[in-house]
Structure formats: structure tokens, C-alpha cells
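In what follows, a single structure is set out as C-alpha cells and then discussed.
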Amino acid sequence: MRTDIRMFHLNKFALSTEADGQIPPSVLAAGVELAGHCASYDSNSTGYLLNPELAAKGVLFGSLDQLLREHGERIKPHLMTRCVDPAVDRFSALHAAFWSTGTLLYVPRGVVIQKPLHAMSAISDGGVDLGHTLVILEDGAEATLIAETASPHEQAAGLHCGAIELIVGNGAHLRYVNLQDWGHGVWHFAHQKALVGRDASLQWTIGALGARLAKVNQHVALVGEGATSQVNGAMFTEGKQHLSYHTLQHHRVPSCKSDFLYKAALQDQSRTVWRGMIKVDKEAQKTDGYQRNDNLLLSSKARADSIPGLEIEADDVRCTHGSTSGRVDEELIFYAQCRGFTRQEAIRMIVIGFFQQVFDRITIESVREALALAIARRVREYD
Amino acid sequence: MDEYHFAANVSDVPDGGQELIELEDRLVILFRRGDDFYCIDDVCTHDGGNLSEGECSGFVIACPRHGAEFDIRTGAVLCMPATQPTASHDVKVDGDKVFVKINEAEE
């Protein structure tokens, strides 16, 4: 399915020079004890906090542009140099030229952060976010970053043209959660890439609920032997939303493991496109790669395109992929209704059950519960 | 969406020609055949191609991507690989002006 952006007119958008608005409450971090928090509104920082004990250990967390001014020598070598390539397309070039604010997390060698850090990016109705996320975990470091986006109301418009760079050093462990919950009028363009080093691990959870049109390129490169990555994606679309995700799990060295699971539920006339690729270089023997995309169509007018792919140059690998798309089974609904549930309750249960496989892989309880609640709230009744 | 919106002046669309128009947050193609005007979505229902970039012969327009064909009068699909009609919209001409009513129900 083509992703048609002819109705996107860049000249309708402009960066704001001030953060003039109320940041919506967090969906993911409610009730969670945090090690740090930062927020931006219309790509302007509204402040950031970090546990002083972590700051004393050399951890940097907060607005990328401010921290770049103060600690440029540590950050600049990693900023759009070896992770996200600004020359991929017009949106990556636009972002590289005009990025503003964003989030930085830098964890020095061997420092372990037990509590999660939280980053919120909000925009006004019609606002613009060009935030850049850069996470650098040096060798042996550990951290959890929960990032989310928000608009003032569900139908709000706007533009996000962003990038995420996750650099996970040797033996480091990163858990990264990213909830995209913009208003349904927001154009969302993003380039996201992770580099995972030797014996390091990355667990990357994505919730995609918002945006009018989203075009996301997500790339995980396993660059050190023994690296593992797990990506969990949960998408729920409604109205005329169109979410397009292109994922690439790139095995560049031997003995790495990648595991991608994306699930999408679609209602109304919404569309999703998932195109996944496992790429195994010639040197990357003993690779273990897995990718799967399941789609649940809740209306006859929704459409999900699923295109898994393999590109394998090594000869001693295990790579598997799968894709399923289908409607809700009427017999399951009938069974639930026989036991006193309404049709809507039954469909909601089935949808949550469909996503349970993704939720079970999310190790942060608040994220698991918040995602399930956000999705359940959106499910409507269908005949 | 129950209203007619101004789409073009009659003189903007030559006889046998077509015009791509942005209307109510969507792209539609306005065709003129003699004194008659027709309007369909600029979307091939196969994989979202832009019909306006395809060849049109008489009342049939072909998607430039995979060759699916649609009737410009009704949006009906005439040739695979598309299997679903594309939305067609009501058109009325008032003097020198052409108006279109977006037909949401046909999506």
C-alpha cells in the first residue's frame, strides 16, 4: 500500500520559539518512581530533572540541545554520525538541518540506573516537534527510558519529523519504550536506529496509537558478537489513520539474536503497512533472527499490508518470519455473549487477548497496563 | 459532508481532460466529457496508486502502477488487480462553476 503524502504541505508548519501550553498528563509514567524526567512542548524544553546521585556519577539526562552546549565533546561524536544517516531521504535531511530540543541520555561506563527515566514530548494543535532522541550507554551501563508523545486533544493536528538514536555499548543493557500518541491530525515522520554492541541487549517497545499518517523507519543493527535485540510493537488505528512501519534487523556480526513482534488492530477505515526485513551479512554466521506481524481487522473497511522479508548471505543461520491477518472470530464473540458479556465487552476482551503476547514481553508493569488500557478504551462495537 | 464545494471553473477543465483537485482534505479527479463532469478519488484501491497519473481513455482510467482500471463515471472497478471500486462523488454545474459533494459513504 502506497503511503500518500501529497496532502502534507510543509509550508503550513513553523517551529514555535516558546513552550506556550500545558503538557498533557503522562500515560506511561503515572505512579512510577522515576530517576529523572524531561519534557518539551512544541520542540522547546520545559525543563528536566535528574536524581543528583546519578548526576554525580556522570549521567547526563535532559534537553539534547542544552546538554550539547555544555558537554559537546562527549556527545558530538555520536550525534547523527554513525547511527541515523541524515542523507536517507528528505525528512531525515529536514530533521538533521532543523532538529530542536530533543532528549539526551548518556550513561557512563559501568553505571547502572535502576529506576526508569521519563521523557515527554507534546505539541500544540497545529504545532511542530523536531525532537531528536540520543541515548548513549557506554560499556556495561544499564538504563530504562520511557518516552511518550502527546497532543492537547485526540483530533489535534501538527507535524513531527524526528529521529531516535540508541547506542548500546558492549555489555550494556537498554530498555526503551516509545509511545506515539499524537492527535489524529499529526503527520509523523521518523528515522530510528539502534546500534547494539558485544554481549549487549536492547529491548525496544513501541506503542503506536496516534497520528494521521506515520512513516517510521526502524533499524536495529547488531554490531557486536552476542548482541541481542527484542522489539515489541503494538499498534491500534481508527478513523482514517495510516501508519507505515518499515523495520530492519541487521545482523552484521556472528552469534547475534533479534526478535521482532509487531501486532496491529485496526478499526474504521484505517490502514497499516508493516514491511520488515531481516538482513544477515556474509560474516554473521550463527544468527538467530525472528520477525512476526499479526493484524486483527475490526472492520470490513480497514486494511493491513504485511510484507516480511529475509535477505541472508550467511549459510549457518536460523531465520524465521511469519505474518497473519484476519477478522475477529464470530464464534468467540458468541461464546463470550453466551456467558453474559455484551458484544462490545467481548470484542474488547478479544482485542486485549490478541495483544497479550506483546504485553507479556514488556517487562515494565506500568507500561504494560497503560498500553492495555489505552487500547481497550479505543475499541468500539462492530456488527 | 452533505454540501457541494466549489471545485473548478468549467473553463478550467478542457473537454476530454481532467483536473486534480484538493477538496475537503482529500485529492479527487474532476473529469470533463462534453458538457458532463465526473469526479472520483485519486486513489487506486489496489495499493493506493495515484490514478491521476494514469492513462485515461474515454470513460476508463488505468492506474499507472499495476494497470487496474476504473470507470470515471461511477468509480466501478473494471480490471484487476483492484477488486474494490474507488469512491465517486456527486457533481453539479452551476453556470461557469463546477461543484462537488464528497460521498463519504462510498469509501
Does A:M7 CE have over 12 foreign heavy atoms under 6.0 Å away?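 Counting other residues, nucleotides and ligands, CE of A:M7 exceeds 12 neighbours.
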Can you tell me if B:E55 has over 12 outside heavy atoms packed within less than 6.0 Å of its CD?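 No, CD of B:E55 has 12 or fewer neighbouring heavy atoms, counting only those of other groups under 6.0 Å.
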With A:W187, which residues qualify under side-chain hydrogen bond (donor to acceptor under 3.5 Å, both in side chains), at least two apart?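 Once residues adjacent in sequence are excluded, A:W187 has no partner under the side-chain hydrogen bond (donor to acceptor under 3.5 Å, both in side chains) criterion.
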Can you name the nearest heavy-atom pair linking A:R2 to B:G49, along with the distance?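 So the minimum-distance heavy-atom pair works out to CD-CA, 3.8 Å.
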Please give me the minimum heavy-atom distance between B:D47 and A:R303, naming the atom from each residue.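 Looks like CA-NH2, 3.7 Å.
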Side chains of residues 207-217 of chain A: which donor-acceptor partners sit under 3.5 Å, not counting sequence neighbours?
residue : atom : partner : partner atom : Å
A:R212  : NH1  : B:D25   : OD1          : 3.4
A:R212  : NH1  : B:D25   : OD2          : 3.0
A:K215  : NZ   : A:H246  : NE2          : 3.4

Pair B:R26, A:K240 - check side chain to side chain contact (heavy atoms under 4.5 Å, CB included), show working. CA-CA 11 Å; B:R26 64 204 287 162; A:K240 292 183 180 177; 3.8 Å; yes
